[in-house]
Each structure stands twice: as C-alpha cells, then as structure tokens.
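The structure under discussion appears below in the form of structure tokens.
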Amino acid sequence: MAAVYKSLSKTNGHKEEGPANGVKKNKQRVLILSSRGITYRHRHLLNDLASLLPHSRKDAKLDTKSKLYQLNELAELYNCNNVFFFEARKGKDLYLWISKAPNGPTVKMHMQNCTSFHSHTSQKQPLTQNPVHTMEELHFTGNCLKGSRPILSFDASFDKEPHLRVLKELFLHIFGVPKGARKAKPFIDHVMGFTLADGKIWIRNYQINETEPSKSTAVSSDAEPKPKPSKSSNSKETEISLVEIGPRFVLTPIVIQEGSFGGPILYENKEFVSPNQVRSEIRQKKAGRYNARAEQGIERLAKKGDLGLRTSGGRKAPVNELDTAMLFA
C-alpha cells in the first residue's frame with residue numbers, strides 16, 4: 001500500500017497519458033515457453049532465441065496442447081504482450097505459435113530447416129526429419145554481445161500481400177528489442193534477416209564485423225595518389241562485413257487467427273502439407289514395393305506348379321507312355 005500511495009502522490013492521482021517529449025515508448029515483452037515432449041535440439045534453439053531477446057521472459061513447460069488460451073493468462077501474469085510458444089508433436093515435428101496477447105492476431109507456423117535437404121544429393125532422408133540448427137552445432141566464427149539490439153532486415157516481398165504484412169509486424173514486435181529494455185545493451189552489432197522464398201520464411205542471424213583496412217597496401221606507380229584526409233576528421237574508414245552466427249531455421253505459415261489463440265481464421269495456407277501425411281506416403285510407398293515383391297513370388301510359385309517343377313503342391317505333369325523311363329522300366 002505504501003508503494004501505491006507514493007506512486008499516486010507523485011502523479012496527483014492521475015496517470016500521464018503520454019511522455020512529455022511526445023515520443024511514444026516501445027514497450028514489448030515476450031513470453032517464451034514450450035510444450036511437453038520437445039527434444040534436446042528444440043530446447044537448445046529455445047535457449048538461443050531467449051538469449052537473443054533480452055526483453056523476453058522464459059517460463060516452464062505448458063502441460064496442455066489443446067487449451068492454448070491459457071497462455072493469455074500467463075502473459076497477463078508476467079506482464080507480457082507477445083507470446084512465443086513452441087509446440088512439439090510426436091517428438092519430431094515442431095510448431096511455432098506467435099501471438100499478440102490478449103487481442104491477437106495469432107500465427108501458427110511449422111518450424112524446420114530445408115538447407116540440409118537441398119545441400120545433399122541423397123534424398124533418402126525425408127524433409128520433415130531435417131532439424132533446426134542451433135548455435136552450438138553450427139560452429140560459426142562470429143559472435144555478438146549478449147543483450148545487444150539487432151537490425152531487422154526484411155525482404156521486399158513482405159509488403160506485397162496482407163498476411164505477409166501481418167507476419168512482418170509480428171516479427172518487428174518480437175525480434176525488435178526496445179531501446180529501454182531492462183537487460184538490453186546500448187549496442188547494435190548483429191542483423192537478423194527475414195527472406196521469403198519457396199513459400200517459406202528463412203531466418204538468419206549475422207554479426208556486423210568492422211575491420212580497419214590494412215596499412216600495407218601496395219600502390220602502383222601508374223595509380224593516381226589519393227588525397228590525404230583532413231586533420232580535423234578523426235573518423236577512420238572501416239570495412240564492414242557480415243558473419244553468420246546462428247541460429248538458423250525456416251518457418252512455413254499455416255494459419256492466421258484473428259484472436260489470441262482463437263477466433264476466426266483470417267488466412268490458411270492451402271499449399272502446406274502436414275509432415276504426418278508425408279510420412280504416411282513414404283510408408284505407403286515402401287508397403288507398395290513389398291506387396292509387389294510378394295505378388296511376384298506368388299506368381300512364380302504358381303508358374304512352377306503349372307509346369308510341374310514343384311515337388312509339393314501344384315499340378316503334376318501327365319505321364320507319357322513313350323517316355324524312356326516307362327519303356328525301359
């Protein structure tokens with residue numbers, strides 16, 4: 001009660017409608033949690049994303065997969081207006097739910113990585129079994145400061161269709177670290193790229209690497225001498241390059257709902273194929289090959305029986321009276 005009295009005495013009982021300078025403050029907090037049944041790879045990816053988002057709050061696993069509306073109560077409890085929920089199915093498939101609590105919208109996406117599938121020539125491994133790649137297993141040379149703010153780079157295709165504009169706005173709210181976040185550092189040293197290709201969203205993370213040009217640059221005699229920089233300018237020209245640091249993953253949008261984990265469906269991806277259906281078709285294809293081999297074996301046995309080549313079963317050939325065995329018996 002004392003804290004409430006002090007806060008009311010400072011504001012004279014009235015809340016301030018906005019800041020004095022007229023600049024609206026970006027207040028975004030993200031609740032990150034997962035369902036039961038995630039694998040170690042999914043858990044490492046969740047930890048990587050939580051370290052990249054200093055304005056996030058990581059919570060324990062959610063016991064239910066059907067009553068997702070309970071996430072709105074958790075978000076209100078932890079004072080979060082964004083929900084980042086990992087849903088694991090059958091220990092293989094990983095689905096990502098992104099929602100703006102408590103009013104929505106909500107996006108359900110299938111998380112996977114297609115780079116390992118396209119980079120290998122062998123297609124024995126199905127697409128649904130390709131995992132996401134975490135920071136530890138990629139062994140990238142780059143590194144960024146924990147808690148630093150990123151630059152978000154979006155493909156121009158995100159502005160062409162309405163559902164892509166909704167996705168872009170959600171990514172801005174979640175991956176865009178606010179300037180005054182509690183654990184955020186006042187540095188910008190990495191770039192997060194969002195690219196749309198083949199109906200999927202490819203997310204990559206790069207470090208901004210600044211290096212000074214080498215002083216031992218050989219200058220040819222024919223080259224014109226460069227003008228010397230003025231003494232008043234203390235800034236030095238630096239070479240900027242991008243180094244990938246991970247994590248990397250691919251998202252396939254499935255549905256967009258109007259509310260937060262509920263409500264009417266605003267968008268549905270008709271081209272999305274469930275990984276269960278892909279595995280079912282693979283099993284049916286293998287079963288078809290086995291059935292074809294079994295039928296060939298039955299036909300071969302029947303043909304041998306018709307020709308009298310089997311000792312047991314089948315039709316025996318009629319005895320010929322002029323056969324050598326019958327004449328000289």
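Considering only residues two or more places apart in sequence or on other chains, F158 meets the ring pair (Phe, Tyr, Trp, His ring centres under 6.0 Å) condition with F154. Partners of Y206 according to the ring pair (Phe, Tyr, Trp, His ring centres under 6.0 Å) rule, which considers only residues two or more places apart in sequence or in another chain, do not exist here. Under the salt bridge (charged side-chain N to carboxylate O under 4.0 Å, His left out) criterion, R149 pairs with no residue, sequence neighbours left out.
Pairs engaging residues 45-82 under the ring pair (Phe, Tyr, Trp, His ring centres under 6.0 Å) rule: none recorded [sequence neighbours left out].
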Hey, can you pull the donor-acceptor pairs under 3.5 Å for the side chains in residues 173-182, sequence neighbours left out?
| from | atom 1 | to | atom 2 | distance (Å) |
| --- | --- | --- | --- | --- |
| H173 | ND1 | K100 | NZ | 3.2 |
| H173 | NE2 | E169 | OE2 | 2.9 |

Return a table of donor-acceptor pairs under 3.5 angstrom between the side chains of residues 250-261 and protein atoms on other chains or two or more places apart.
| from | atom 1 | to | atom 2 | distance (Å) |
| --- | --- | --- | --- | --- |
| Q257 | OE1 | G262 | N | 3.0 |
| S260 | OG | N72 | OD1 | 2.5 |
| S260 | OG | S99 | OG | 2.8 |

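Remark: K108 is positioned above the aromatic ring of Y95, its terminal NZ or CZ atom under 6.0 angstrom from the ring centre and at most 45 degrees off the axis.
Considering only heavy atoms from C-beta on, N81 stays 4.5 Å or farther from P102 through its side chain.
Under the 3.5 Å distance criterion, with hydrogens and angles disregarded, a donor-acceptor pair is assigned to the side chains of Q28 and N82. Checked by atom type, the side-chain pair S148/H190 shows a donor-acceptor distance below 3.5 Å.
The main-chain N or O of P275 is never found under 3.5 Å from a side-chain atom of D93 such that the two would form a donor-acceptor pair. In this structure, K90 contributes its side chain and N276 its backbone to no donor-acceptor pair below 3.5 Å.
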E268/K270 under salt bridge (charged side-chain N to carboxylate O under 4.0 Å, His left out): CA gap, chis, key distance, verdict: CA-CA 6 Å; E268 184 177 2; K270 301 295 184 180; 3.6 Å; yes
